[in-house]
Amino acid sequence: MDIEARVKELRSELDRHNHAYYVENNPLISDREFDALMRELEELEKAHPELDDPLSPTHRVGSDLAHGGFEQVTHQRPMLSLGNTYSVEEVDAWAARCNDALGNEGGLRSVPIVGEMKFDGTSISITYEHGRMVRAVTRGDGEKGDDVTANVRTIKSIPLVLADGDWPETFEIRGEIVLPWKAFERLNAERAFNEEPLFANPRNAASGTLKLQSSAEVARRGLDAYFYYLLADELPADNHYDNMMKAREWGFKVSTAMTLMNTIDEVDAFIKYWDEERRLLPVATDGLVFKVNNLRQQLNLGFTSKSPRWAIAYKFPAERALTPLKFVSFEVGRTGVVTPVANLEPVLLSGTVVKRASLHNEDIIRQLDIHEGDSLYVEKGGEIIPKITGVDLKARRPDAPAVSFVKFCPDCGTELKRAEGEAAWMCPNKYGCRPQLLGRLEHFVGRHMMDINGLGEENVALLFDAGRVKDIADFYDLKPSDIEGLDRMGRRSAEKIVDGIAASRNVPFDRVLYALSIPYVGETVAKRIVRAMGSIDAIMNAPREQLEAIDGVGGAIAESIADYFSYEPNREIVERLRRAGVRLESDVEESAPHSDLLAGKTIVISGVFNHFSREEYKDMIEKNGGKNSGSISKKTSFVLAGDNMGPSKLEKAKSLGIPLLSEDEFLEMIDKK
C-alpha cells in the first residue's frame with residue numbers, strides 16, 4: 001500500500017465529510033464511520049511524521065500550547081466598516097443615490113443589488129494560496145489585525161485545503177466568525193455553573209473565543225463562519241453575486257439568504273421577509289447588508305473615509321415580545337438567596353425560545369406591579385439575558401391579585417429573613433436546605449474552583465441524591481465502585497471522576513478557599529486573603545479585626561468568615577480535606593506580592609488583549625499591589641484598555657478624565673515587557 005497516497009485519500013475524504021456535515025448540514029456517513037477514518041489517519045501520521053501537514057483534518061482539535069500573543073498583520077486591502085441605516089426609507093434613499101451617481105433612472109433595473117444577512121459575530125479575512133489556507137487575520141482597526149490562523153484552522157466549516165476547482169492561485173475571502181445559538185447557550189451554561197461572568201451575546205463570545213491563547217479551547221467551543229466577499233487580482237466574475245456562488249462551489253459557507261435583486265420593491269420585500277424569518281436562523285443576526293452587484297460600478301461609486309458608498313447595512317430594531325405570565329416560581333441558590341422567576345408562555349426572541357426570566361427580588365416585582373396572569377413585555381436588544389421591562393395593563397384581568405413574595409423557603413419551609421437595607425430574602429437554613437447543600441457541592445467542583453473533571457451539575461446531583469456525598473469532603477472518599485452502577489455511570493465514567501478528584505488535590509490554596517462557599521468570599525477576595533494570611537489555620541483562628549484589615553475585605557466579609565468557621569462541622573470538613581491531601585496553605589511565591597508598583601491604584605480592565613488573558617492581567621495587578629475593579633468611577637486610577645473596549649466604559653472614562661493605558665504601556669509600567 002502506498003502510505004502517502006492513502007494519507008492524501010483520507011484527508012480528502014475527511015474534508016469532504018466535514019463540509020457535508022458542517023456546511024451543507026447533510027452528513028454522508030455516521031459519526032462512528034467518521035471517527036474510524038480519523039483514527040486511521042491519526043495512526044498513519046503518527047507512524048510517518050514526515051507526512052505531517054498543519055492543514056490535516058487531524059489538527060482541527062487545536063493545541064493547548066499558548067500562542068504567546070498574536071502577530072499584527074497589515075491588510076493588503078483595508079477592511080472598512082459599513083454605514084448604518086435603521087429604516088426601509090433610508091435603504092431606499094441609498095439605492096436612489098447609487099442610481100443617481102451612476103447616471104441611471106427607473107428604479108434599480110440598471111443597478112442590480114445583492115441583499116445578504118448581517119451576521120452578528122467578528123469579521124475575518126482569510127488568504128489562500130494554491131488552494132491552501134495560509135493566513136487568517138481579524139479586522140482589527142481596519143488597517144491591520146491579529147493573525148489568528150491557528151485558531152481559525154479549528155473551525156470545521158472553513159476549508160483548509162480546497163478541492164480541485166477554478167479558484168485563483170491567490171485570493172482573499174472575507175466573512176464573519178459566529179458562535180451558533182446552541183453553542184452559545186452551552187458555553188454560557190458552563191460559565192454560569194462555574195460562576196464566571198456570562199457573555200452578553202454571541203458576538204462577544206465569538207470575538208473573545210477567537211482571541212484565546214489555547215486553540216484546543218477554541219475548537220471545543222464550536223465556532224462557525226459565513227463568507228460574504230471575495231477579493232483577488234483575477235476574479236472568476238465581474239460581479240459580487242456570481243463570485244460568491246463560485247466561492248460556495250469551492251467549499252465556503254455562503255448564506256443561502258444571499259439574493260440578487262433588481263427593483264426597490266424587491267429590496268423592501270427582502271427586508272420585510274427577514275425581519276421575521278431571521279428569528280429561525282441558527283445564528284445571531286443584527287441586520288441586513290445591501291451591495292451594488294457590479295464590481296466596476298462599485299469602483300465608480302468609491303469610498304468615503306470610513307465606508308464604501310456601494311454598500312449599506314440595515315439594522316434590525318431591538319426585539320421585544322409580549323407573552324403571558326404562567327406563574328412566578330421562587331428558587332433558592334447556594335447562598336440561600338431566594339430569587340423570583342417569571343415562567344412565561346414560550347416566545348421566540350433573538351433566535352432562542354424564552355420561557356423564563358429572572359425578576360431578581362421583591363422590589364422589582366413591586367416596581368413592575370406584576371399581577372397573576374399578566375402579559376409581560378420581554379426584551380433582549382443586544383443582550384442575551386431576557387429582561388422583563390413592563391406589563392400590558394390593558395390585558396390585565398380586573399380581579400387579578402398582585403404577585404406576592406413567599407414568606408417561607410419553597411424547599412425546606414424555613415421562614416425567610418431579610419437583612420436590614422438588603423433587597424434579597426434569604427433562607428437561613430444553611431445546612432439543612434437541599435438547594436443550598438447541593439449548590440455548595442456544585443460550586444466546589446466547578447472550573448474556577450477545584451475543577452474536577454467528569455463532575456458536572458447532573459452528576460453531582462446524582463451522587464447527592466444517592467447518598468454518596470453529603471458534603472464537599474465526601475468527594476475524597478469516593479471509589480469507582482461507589483459511582484459505577486448509578487444512572488448513566490459505567491466503570492470508565494467512575495474512574496474518570498475519581499481521577500479528576502485525585503488531580504484536584506493540587507489546586508492552589510486560593511481556589512480551595514473560594515471553593516468552600518464562604519458567603520461574600522469570591523475569587524478575588526480569596527486571593528487577597530490567602531496572600532495576607534497564607535494558610536487555612538491562620539484564617540480560621542484570626543480575630544475579626546485582623547481579617548477586616550486585609551485590603552478589600554472589610555466588616556461584612558470578616559464576619560462571614562468568622563461565622564463560617566464558628567460552625568464546628570465546617571471545621572471538621574476542613575480537617576477531612578487536610579487528611580485527603582488538599583492544599584490548605586500557599587507557597588511563599590503565591591502569597592507574597594511581587595511588588596508595590598501599583599499600591600493604592602484601582603484599575604479597570606476592558607477590551608480584548610493580545611499578550612495575556614484578562615485573568616492573567618488581573619493576577620498581575622494584584623501581585624503588584626493594585627486593586628481590580630469592574631466599574632469605572634472617580635476612584636479609578638486608570639483603565640487597562642484592550643481592543644474593542646466597551647463604548648459605555650470608554651465614554652465614562654473620557655467624561656471623568658480617567659487615563660487609558662494600552663497593553664504595552666501597562667507591561668512597561670510593571671517591567672514585564
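No hydrogens, no waters, no symmetry mates; every other heavy atom, side chains included, goes into these values.
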Taking the side chain as every heavy atom from C-beta outward, state whether [X] and [Y] have any pair of such atoms under 4.5 Å apart.
X	Y	value
R278	F316	yes
V338	F405	yes
M533	I550	yes
D369	V391	no
H371	R396	yes
V337	M426	yes
F464	L441	yes
T524	D510	no

Answer yes or no: is there a donor N or O on one side and an acceptor on the other, between the side chain of [X] and the main chain of [Y], under 3.5 Å?
X	Y	value
N459	G454	yes
K652	I632	yes
E185	K182	no
R221	L179	no
H443	Y514	yes
N361	I364	yes
S358	H360	yes
D474	K470	yes
N343	K326	no
R571	F565	yes

NZ or CZ of R320 within 45° of Y377 ring axis and under 6.0 Å: yes

Could you tell me whether R576 sits above the aromatic face of Y476, with NZ or CZ closer than 6.0 angstrom to the six-membered ring centre and within 45 degrees of the axis? no

Run the side chain to side chain contact (heavy atoms under 4.5 Å, CB included) test on V178 and D120 for me, step by step, so that the C-alpha distance in whole Å, both residues' side-chain angles and the decisive distance to 0.1 Å come before the verdict. CA-CA 7 Å; V178 296; D120 201 13; over 6 Å; no

Using every non-hydrogen atom in the two residues, find where [X] and [Y] come nearest and quote the distance to one decimal.
X	Y	answer
I365	V403	CG2-O, 3.8 Å
V378	V354	CG1-CG1, 4.3 Å
A400	E372	CB-O, 3.4 Å
S633	I658	O-CD1, 3.7 Å
S606	V639	CB-CG1, 4.4 Å
S560	Y520	CB-CD1, 3.7 Å

Do [X] and [Y] sit within salt-bridge range, that is, some charged N less than 4.0 Å from a carboxylate O?
X	Y	answer
D392	K394	no
K355	E345	no
D596	K623	no
R220	E217	yes

Not counting sequence neighbours, which residues clear side-chain hydrogen bond (donor to acceptor under 3.5 Å, both in side chains) with N429? List them please. none

Would K407 and L416 count as a side chain to side chain contact (heavy atoms under 4.5 Å, CB included) here? Give the steps. CA-CA 6 Å; K407 301 299 181 187; L416 302 182; over 6 Å; no

For R578, which residues count as a salt bridge (Lys or Arg N to Asp or Glu O under 4.0 Å) partner, sequence neighbours excluded? D537, E575

Quick one: pull up [atom1] in [X] and [atom2] in [Y] and give me the separation to the nearest 0.5 Å.
X	Y	atom1	atom2	value
M450	R505	CE	CZ	9.5 Å
D374	L344	CG	CG	11.5 Å
R203	S207	CZ	OG	9.0 Å
E548	I561	CD	CD1	10.0 Å
L640	L661	CG	CG	7.5 Å
R440	M449	CZ	CE	14.0 Å

Given salt bridge (charged side-chain N to carboxylate O under 4.0 Å, His left out), test K430 with D563 step by step and report yes or no. CA-CA 12 Å; K430 296 178 184 178; D563 181 61; 3.1 Å; yes

Students often mix this up, so state it plainly: with edges at 30° and 60°, are the rings of F444 and F475 parallel, tilted or perpendicular? parallel

Could you go step by step and tell me if S517 and R334 meet the side chain to side chain donor-acceptor pair (under 3.5 Å) rule? CA-CA 8 Å; S517 285; R334 69 180 174 89; 3.0 Å; yes

Evaluation steps, side chain to side chain contact (heavy atoms under 4.5 Å, CB included), between I605 and N628: CA-CA 8 Å; I605 299 177; N628 286 294; 3.8 Å; yes

Partner of E622 by side chain to side chain donor-acceptor pair (under 3.5 Å), out of K527, R531, K627: R531

Please determine whether side chain to side chain contact (heavy atoms under 4.5 Å, CB included) holds for the pair L359 and I370, giving the CA-CA distance in whole Å, both sets of side-chain angles, and the decisive distance to 0.1 Å. CA-CA 10 Å; L359 292 168; I370 297 175; 3.7 Å; yes

Using a 6.0 Å cut-off, check whether atom CD of E362 has over 12 heavy atoms from anything other than its own residue. yes

Neighbour count >12 (heavy atoms, 6.0 Å) for atom NZ, K315: yes

Where at least one partner belongs to residues 614-636, residue pairs that pass ring pair (Phe, Tyr, Trp, His ring centres under 6.0 Å), sequence neighbours excluded: F609-Y617, F612-Y617, Y617-F666

